[in-house]
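Since the structure comes first, as structure tokens, the remarks are kept for the end.
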Amino acid sequence: MENQHASTPLVLVVEDDEHIAQVLRFMLERQGYRVVHLADGRAASEHIARATDKPDLVLLDVMLPYVDGFELVGLARARADWAGVPILMLTAKNTERDTVRALDAGANDFVIKPFQPNELLARVRRFLKTGP
């Protein structure tokens with residue numbers, strides 16, 4: 001059983017909006033992923049610094065209390081063992097400047113809120129190489 005647990009992809013969700021976080025957890029767990037949710041940038045930065053269980057994917061909100069998503073991407077990319085972890089950023093701000101800033105910071109992809117659940121799951125599957 002332990003091997004099956006280890007092979008189940010772990011998704012780190014950093015989202016301060018409780019409703020969106022619950023929707024993401026529900027969608028991801030329904031697809032069979034394990035989910036760790038952090039509600040603000042400070043908790044996320046501490047998690048990134050100390051985590052021993054590297055996630056398979058990070059879903060990261062841009063606008064967060066204390067530490068923003070751009071800074072968190074930098075922290076994640078600074079850890080050698082997290083360098084290859086796909087980071088998918090979520091934002092309500094639909095500007096080219098933010099998209100460029102997220103990608104330049106090291107994010108792999110960018111999704112605008114409100115997102116379409118099936119589109120988001122397709123992007124998650126693409127990075128995790130799972131599902132259809």
Side-chain angles (χ1 to χ4, degrees):
M1 186 67 176
E2 185 59 38
N3 285 347
Q4 183 195 353
H5 186 68
S7 68
T8 304
L10 175 63
V11 179
L12 175 61
V13 174
V14 184
E15 171 59 67
D16 62 320
D17 182 303
E18 191 56 42
H19 175 72
I20 294 172
Q22 287 177 344
V23 168
L24 289 169
R25 177 183 289 276
F26 175 77
M27 285 172 30
L28 293 164
E29 287 180 345
R30 227 174 103 209
Q31 298 296 311
Y33 303 121
R34 292 181 292 143
V35 176
V36 170
H37 171 243
L38 300 167
D40 66 60
R42 186 182 300 146
S45 62
E46 290 171 6
H47 181 85
I48 290 167
R50 297 192 180 106
T52 54
D53 201 8
K54 178 183 74 163
D56 297 289
L57 175 77
V58 178
L59 283 179
L60 178 59
D61 189 15
V62 170
M63 294 186 293
L64 293 162
Y66 311 117
V67 181
D68 73 22
F70 300 116
E71 196 173 330
L72 292 173
V73 171
L75 293 172
R77 292 298 180 233
R79 278 192 64 163
D81 56 335
W82 285 46
V85 174
I87 298 176
L88 181 58
M89 296 193 81
L90 304 170
T91 186
K93 293 165 65 176
N94 184 8
T95 67
E96 181 190 21
R97 190 175 142 266
D98 284 326
T99 304
V100 169
R101 189 172 169 206
L103 296 172
D104 282 349
N108 297 85
D109 204 352
F110 202 84
V111 174
I112 307 299
K113 295 178 192 171
F115 53 84
Q116 296 301 315
N118 288 331
E119 178 189 348
L120 182 66
L121 287 172
R123 291 172 187 269
V124 166
R125 284 192 301 271
R126 187 181 82 199
F127 286 116
L128 295 177
K129 310 280 190 277
T130 60

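Since we're looking at a predicted model, the values are computed, not measured.
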For the hydrophobic clusters of this structure (ILVMFWY residues joined by side-chain heavy atoms under 4.5 Å, transitively), does one cluster hold both [X] and [Y]?
X      : Y     : value
Val111 : Leu60 : no
Val36  : Trp82 : yes
Met89  : Leu38 : yes
Leu24  : Val14 : no
Ile20  : Val62 : no

**OP:** Decide yes or no on side chain to side chain contact (heavy atoms under 4.5 Å, CB included) for Leu72 and Ile48, but give the supporting numbers first.
**Re:** CA-CA 8 Å; Leu72 292 173; Ile48 290 167; 4.1 Å; yes

Subject >> Least distance between heavy atoms, Leu75 atom then Ser45 atom >> reply: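 Here Leu75 and Ser45 meet closest at CD1-CB, 3.5 Å.
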
**OP:** Provide the closest heavy-atom pair for Ala39 versus Pro65 in the form atom of the first, atom of the second, distance.
**Re:**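 Taking every non-hydrogen atom into account, O-CD, 4.4 Å.
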
Side-chain heavy atoms of [X] within contact of [Y], under 4.5 Å:
X      : Y      : answer
Leu88  : Val58  : no
Phe70  : Asp98  : yes
Ile112 : Phe110 : yes

Enter the distance from [X]:[atom1] to [Y]:[atom2] here, rounded to the nearest 0.5 Å.
X      : Y      : atom1 : atom2 : answer
Leu121 : Leu28  : CG    : CG    : 6.5 Å
Arg123 : Asp109 : CZ    : CG    : 4.5 Å
Asp56  : Phe127 : CG    : CZ    : 13.5 Å
Leu128 : Gln31  : CG    : CD    : 11.0 Å
Leu90  : Leu120 : CG    : CG    : 6.0 Å
Asp61  : Asp68  : CG    : CG    : 10.0 Å

**OP:** Let me see the working for Thr99 and Thr91 under side chain to side chain contact (heavy atoms under 4.5 Å, CB included), right down to the final yes or no.
**Re:** CA-CA 9 Å; Thr99 304; Thr91 186; over 6 Å; no

Please determine if [X] and [Y] form a salt bridge, counting it only when a charged side-chain N lies under 4.0 Å from a carboxylate O.
X     : Y     : result
Asp81 : Lys54 : no
Arg42 : Glu46 : no
Asp53 : Arg34 : yes

Subject >> Which residues share a side-chain hydrogen bond (donor to acceptor under 3.5 Å, both in side chains) with Arg101, sequence neighbours left out >> reply: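 So Arg101 forms no side-chain hydrogen bond (donor to acceptor under 3.5 Å, both in side chains) with any residue.
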
Subject >> All pairs passing side chain to side chain donor-acceptor pair (under 3.5 Å) where residues 14-26 contributes a residue, at least two apart >> reply: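 Every side chain to side chain donor-acceptor pair (under 3.5 Å) pair that includes a residue of residues 14-26, provided the two are not neighbours, is Glu15-Lys113, Arg25-Glu29.
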
Subject >> From CA spacing to verdict: side chain to side chain contact (heavy atoms under 4.5 Å, CB included), Phe115, Met27 >> reply: CA-CA 12 Å; Phe115 53 84; Met27 285 172 30; 4.1 Å; yes

Original post:
Would a distance-only check, ignoring hydrogens and angles, find a side-chain to backbone donor-acceptor pair under 3.5 Å from Arg77 to Val85?
Top reply: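 A pair under 3.5 Å: yes.
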
**OP:** May I ask you to decide if Ala51's main-chain N or O and Arg79's side chain share a donor-acceptor pair within less than 3.5 Å?
**Re:**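 Between the backbone of Ala51 and the side chain of Arg79 there is a qualifying donor-acceptor contact (under 3.5 Å).
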
